[in-house]
Amino acid sequence: MRIDILTLFPEGFEPIKQSIIGRASQNKIIDINLINMREFSKDKHKKVDDTPYGGGAGMVIRPDVVYDSYKSVYKENSKTIYLTPQGKTLNQKKVQELSKEQHLILICGHYEGIDQRVIDEIAPEEISIGDYVLTGGELPAMVLVDAVSRYIDGVLNKASIEEESFTNNLLEYPQYTRPEKFLGREVPEILKSRKSSKNR
Ligand code: ADE
């Protein structure tokens, strides 16, 4: 899967360059590209936002900047998502559905949001990661990338995915490892008597 992330803050994406998702990118299992929308500004000072028509606090991202960056990555098989608190709340079913796509384009808003005309033109699916407001779509985009990547073949080991579908995708049971006794608390007897695959 290819994922193109349109953002004004590409330097904020360090967390998904680490650990499991980082390794999957290095191994070319997922291809994550950060597109800095500022590079699509036609302004000599690389300005990307302006004051809202009708007044109000904050700044709004210009439609041409978003549209040109979108056009630079769009293909016929692209699925485009705009991360916004007004969107439909992400859940595991949607995550699984998105993991079957070949190409995701994630649009991250910032400031007071993005000019509505480019949202109407592109008509992306609008997704929220919960009923609270963040300062931008960058953290939500990383949450989505992390959750979706887990379902892509080769990112996790097969046993983890199988165990997860067994537990209805969400409900993990409590886990224990060594030492057998920690601050007076014991590993449950039933687990100690069961041989693990690692042959304790
Ligand atoms: N941008 C700001 N807050 C958000 C949220 N809760 N979900 C998705 N995008 C957002």
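Remember, predicted model here, so these are calculated numbers, not experimental data. Note that ligands are numbered from 1 as they come in the structure, with each ligand's atoms numbered from 1 the same way.
- Contacts of P140 with ligand 1, taken as heavy-atom pairs under 4.0 Å, involve the side chain alone.
- With a 4.0 Å cut-off on non-hydrogen atoms, D131 does not touch ligand 1 at all.
- The backbone of T84, and not its side chain, has at least one atom closer than 4.0 Å to an atom of ligand 1 (non-hydrogen atoms only; backbone = N, CA, C, O).
- Looking at atom 10 (C) of ligand 1, its nearest protein heavy atom turns out to be P85 CD, 3.4 Å.
- Put simply, the side chain of S41 gets close to the backbone of K47: a donor and an acceptor are under 3.5 Å apart.
- Polar contact with ligand 1: absent for V133 (N/O pair, distance under 3.5 Å).
- Not one N or O of G137 is nearer than 3.5 Å to an N or O of ligand 1, by distance alone.
- The closest approach between a heavy atom of G87 and any atom of ligand 1 is not below 4.0 Å.
- In this structure, R62 does not pair ionically with D43, as no charged nitrogen and carboxylate oxygen lie closer than 4.0 Å.
- Taking every non-hydrogen atom of S128 and a distance limit under 4.0 Å, the qualifying atoms of ligand 1 come out as 6 (N), 7 (N), 8 (C).
- Assignment of I127 to the shell around ligand 1 is supported, since a heavy atom sits closer than 4.0 Å.
- In summary, E125 and K94 engage in a salt bridge, as defined by a charged side-chain N under 4.0 Å from a carboxylate O.
- In terms of modelled atom types and a separation under 3.5 Å, the side chain of N36 and the main chain of R38 share a donor-acceptor contact.
- Side-chain contact between K75 and Q102: absent, with no pair of heavy atoms (C-beta onward) separated by less than 4.5 Å.
- Of the N or O atoms in T135, none lie within a sub-3.5 Å distance of an N or O in ligand 1.
- Remark: the backbone N or O of Q86 is paired with a side-chain donor or acceptor of T84 at under 3.5 angstrom.
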